[in-house]
Amino acid sequence: MDELLQKLNPQQLQAVTAEDGPVLVLAGPGSGKTRVLVHRVAWLLRTRPPHLQAVMAVTFTNKAAREMRDRLSHLLGHSALDRLAVGTFHSLCARLLRREADSAGLDRNFVIFDSDDQLALMKSVLKSLNLDEKKFRPAAIHAAISRAKNELIAPAAYPLQSYFDEIVQRAYVQYNALLRANNALDFDDLIMESVLLLQRDEHVLRRSRERYAHILVDEFQDTNVAQYALVKLLAMEHRRLFCVGDPDQSIYAWRGADYRNVYRLRQDFPDLRVIPLEQNYRSTQTILDAAMAVIRKNAQRQHIQLFTDRGRGPRIVVRELFDEREEAEYVVETIREIARRGAAQRGEIAVMYRTNAQSRALEEAFIRAGEPYRLVGATRFYARREIKDTLAYLRIVHNPADTVSLQRVINVPPRGIGEKTFAQLELVARARGLTPLQAIQQGAVDGRAAKALQAFAERWQSWIALSAQASLLQLFDHILNTSGYADYLRDGTQEGEERWENVQELRNVIAEAGGLSLADFLAEVSLVSDVDDFDERVDAPVLLTLHAAKGLEFRVVFIVGLSEGTLPHSRTLDDPEQIAEERRLLYVGITRAQERLYLLYPFRRSFWSEDDVTEPSRFLRDLPPELLEGNVGGRAGAKRKASQWQSEPVKPKASLRFRPGDRVSHPHFGSGVVLSSAPIGDDEELEVFFPSVGGKRLSANFSGLKQL
DNA sequence: CTTGCTACTCTTTTT
DNA sequence: GAGTAGCAAG
C-alpha cells in the first residue's frame, strides 16, 4: 500500500481514499482532521490524471494554508503545488476577482480595506448622510452591513423593519459607492462579489468549475451563507466536494458563520457521505471527559463520544485566585515550576482568555517576573499606527483613488493640509470623477493650502513614476525619506525609536519576501490574520484568545478569567444561542490541551477602576469532581489556597506611592513597570523594569518618575 | 492649521 | 483607565 496512507486509522483511511462525490467528515477535536485533509489533497493530486484535475482547498487561516503547502511539497515534491490552489475563502476570492477583474467590473488594482479602513470609510459615510455618530454608531451600522453581505443581501433587498434599518440601507448604498470610488473592496465584498460574479457570468462559472475540479473545505462549520453559496456554485455540477468540520467547534456565528450549512449540505447533496472521526490523538482521557461534560449541556447536538488511548493523565486544576493580578502571577509561577520540573517546555504552553483586554494583566506579570512570552493578536503588528501609515503611503502609490489611505498620510507629517482642505479636495474629486491626485494637479482646489497640495502632489507623482521602475524595497526607502515620515517618526523619543523599529521590521518582511511586486505585497498584507505570524520555534508560552486558539494544540493549557460575565461574556447572557456558543468556545479551549489543563478564575475583578466580586463561570459546575485535583468545594477553601500560595503578602503599606505592577514613565528611560518598592526614610526605593534598558533602581522622590 | 486640554464613552470574539 | 472626539487658544 502507498506509504502515503500508512499510519492512518481505518476511519481516516476511508476519508482520504473516499470515492469522488460529496463527503462530509465529522471530525472531533484532535482527530487528525488536518492530516486527513492534507493527505486527501495529496491522494487526489497523485491518483488523478495531471492535465485534467486541479484542486482547491479552503483553509481557515493563511497559516494553515502555508502548512498545507509545506507538507505537500514534502510529500509530493514542489511541482505538485502547481495544480493546487490553497488559501482562505478571502484570499482565494481575491485571486479570483483579480483574475476575472474585467468580467467582475472591477479594476484589477483594487485594494482590500481592513477593519480600520472600513470604519474610517463608514464614518465619512455617516458624515455625508448627516447622521450623528452618537446616535448611529459607525461600528453598529457597519456590522449590520457586514451581516447583510455575508447573507448576500444587496442594498436594494435590505429588509426594512425599523427606522434603524432604513438608516442602514442608506448607509449601505453610500458605503458601497464610496468603496467603489476608492477602488476598494472590504472583506465581505471579496466573497459576495465572487458569488455574484459566478451567478451572473456563465463563462466565468464554467472556467472556475474546470479550474477547480475538486473542492475541499476545512472548518466547514464556520462557513457563512455567502461562502456556502460559493462552494455550492463551484461544486454543484461535478460534486467532487470534501468538507471537514465539527459543529461543536462552531464559534463564529457572530460574524455570520452558520453551522446549519451542515444540514444544507445534506439537503443539497443527498448522496453526501458522512464519515465520522472519533478517535482523539491529542489529549488525555481526563481532558476529553471534561470537554464532553461541558459540551454535553448544549441541546440540539449529536452525541459524539471522544476516546483516546493516551491514558488518563493528570487531573485538571480548577482554582480561584484573589484577582486578575494574582491569577496572572499564579500562571507565571506555575509555568516556571512546570519548566523547572521538565514537565513541558515553555513553548509548549498556552494561556487563553475570552477578551484581548485580559492579556494585559498577564503581560505585566510575565514582564515583572522577567519571563518570556509570545502574544498573538491584540496589538497586532499590522494594526500599529506607524505600520498603517507606511502602508498607506504605499497604497496611494499603487491606487491613487484610495482616499482613506490618503486621509491617513496627507498631513502626516504636518504639511499644513488640514481637515477642511482635505474635505474640499475629496468633494471636488468626486464631483469631477477624478482621483484626488488628478484633482490637485488640475488645480481644482485653491485657497491657502493650494501650495502645500501642489508640493505633495509632485512628490506623490514622483513616487508613482519610481514605482514603475524601482524595486519595492527601493520605493519603500525612497518614500520614507522623501515624505518626511522617517524624520517625523524618529523624533528622538523612546517611543519614536520603537515605532521606527517596527517600520524597519516591515522593511524586513519585504526584504525577505524578495522581489515581491507592490500589488502582491499589498494584497498579501491586507489578509494576514493574527495567528499567521506566530512563530512556533520560539520557546516561550503563547498568550492568545480562545478564538485564536482554534486549530492549535499545546501540552499545557491555562484558561483564565472563567467567571460569569467574562466567559460566558456579559453581552451574551440574554441569548441562549449565544451562551451555547460561549460553551463551545470553552470546549475549544479545553480540547487544545494535550496533558495538563488549568482553569482559573478571579474572586474579584476590576472593571473601569471599579472592583466587583465575580461568580465562577456556570460552565465550571459541569465538570465532574473526580476529574479535578483536590477538592474545589466552596469558595472559602479555594480562597485559603490562593493566599497560601502567595508566600509573601503583597499588600503595600499605605505610605508607599508605587506598588509592584504600576506602570510608570521616566524622563530618560521611557515607560516601565515597577517591580518592587521599599520605604527608605521619607523616600521609596524602587526597582523598575524598562523595556528599553532593563532593570533600574530609582528613588521615588528624585528620579522624576511619574505614574501612568 | 496645529496643539493641547477636557470630557466622554467604551470592552467580546476576527478574516 | 484609556483612547478619542470636541473644543479653545496659539
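First the proteins, then the strands, lettered A, B, ... as listed; each starts at 1.
- A donor and an acceptor atom, one from each side chain of A:Asp186 and A:Tyr175, are located under 3.5 Å apart.
- Between the side chains of A:His569 and A:Glu582, not a single donor N or O lies within less than 3.5 Å of an accepting N or O.
- Closest approach to the A:His547 side chain among B:dT13, C:dA5, C:dA2 is made by B:dT13 (side chain taken as heavy atoms from C-beta onward).
- Using a 4.0 Å cut-off between a side-chain N of Lys or Arg and a carboxylate O of Asp or Glu, A:Asp258 and A:Arg260 qualify as a salt bridge.
- In this structure, A:Leu119 atom CG and C:dG3 atom P are separated by 17 Å, rounded to whole Å.
- When rounded to the nearest whole Å, the span between NZ of A:Lys123 and C1' of C:dG6 equals 13 Å.
- Between A:Asn356 and B:dT14 there is a side-chain polar atom (N or O) within less than 4.0 angstrom of OP1 or OP2.
- As judged by a 4.0 angstrom heavy-atom cut-off over every strand, A:Gln578 is placed among the base-contacting residues.
- Closest approach to the A:Thr355 side chain among B:dT15, B:dC1, B:dT13 is made by B:dT13 (side chain taken as heavy atoms from C-beta onward).
- At B:dC10, one or more side-chain N or O atoms of A:Arg137 fall inside 4.0 Å of OP1 or OP2 (strictly under the cut-off).
- As judged by a 4.0 angstrom heavy-atom cut-off over every strand, A:Thr421 is placed among residues touching the sugar-phosphate backbone only.
- Put simply, A:Ser115 has no side-chain N or O that comes within less than 4.0 Å of OP1 or OP2 on B:dT15.
- Atom CD1 of A:Ile145 is separated from atom P of B:dT15 by 21 Å (rounded to the nearest Å).
- Remark: P of B:dC1 and CD1 of A:Ile410 are 11 Å apart, rounded to the nearest angstrom.
- Under 4.0 angstrom from either OP1 or OP2 of B:dT14 there lies at least one side-chain N or O belonging to A:Thr545.
- Side-chain atoms of A:Asp246 come within 3.5 Å of backbone N or O of A:Asp248 as a donor-acceptor pair.
- Atom CD in A:Glu582 sits roughly 8 Å away from atom C1' in B:dT13 (whole-Å rounding).
- Ring pair A:Phe60/A:Tyr252: centre-to-centre distance below 6.0 Å.
- Side-chain atoms of A:Phe220 and A:Val58, non-hydrogen and from C-beta on, never get closer than 4.5 Å to each other.
- Atom pair A:Ile251:CD1 and B:dT14:P shows a separation of 9 Å (rounding to whole Å applied).
- Stacking between A:Trp254 and B:dT13 is shown: the ring centroid lies under 5.5 Å from the centre of the six-membered base ring, and the planes differ by under 30°.
- Heavy-atom distances to DNA chain B give each of A:His90 and A:Ile417 a nearest nucleotide, and the one nearer the 5′ end belongs to A:Ile417.
- Between B:dT13, B:dC1, B:dT3, one nucleotide has an atom nearer to the side chain of A:Pro414 than all others, and that is B:dT3.
- For the C1' atoms, the distance linking B:dT13 with C:dT4 amounts to 23 Å, nearest Å.
- A:Leu92 has its CG atom 16 Å from the P atom of B:dT15, to the nearest Å.
- Contact annotation for A:Asn411: backbone-only contact, meaning every heavy-atom pair under 4.0 Å involves sugar-phosphate atoms and none involves a base.
- Summarising the geometry, the separation between OH on A:Tyr252 and P on B:dT14 is reported as 6 Å, rounded to the nearest angstrom.
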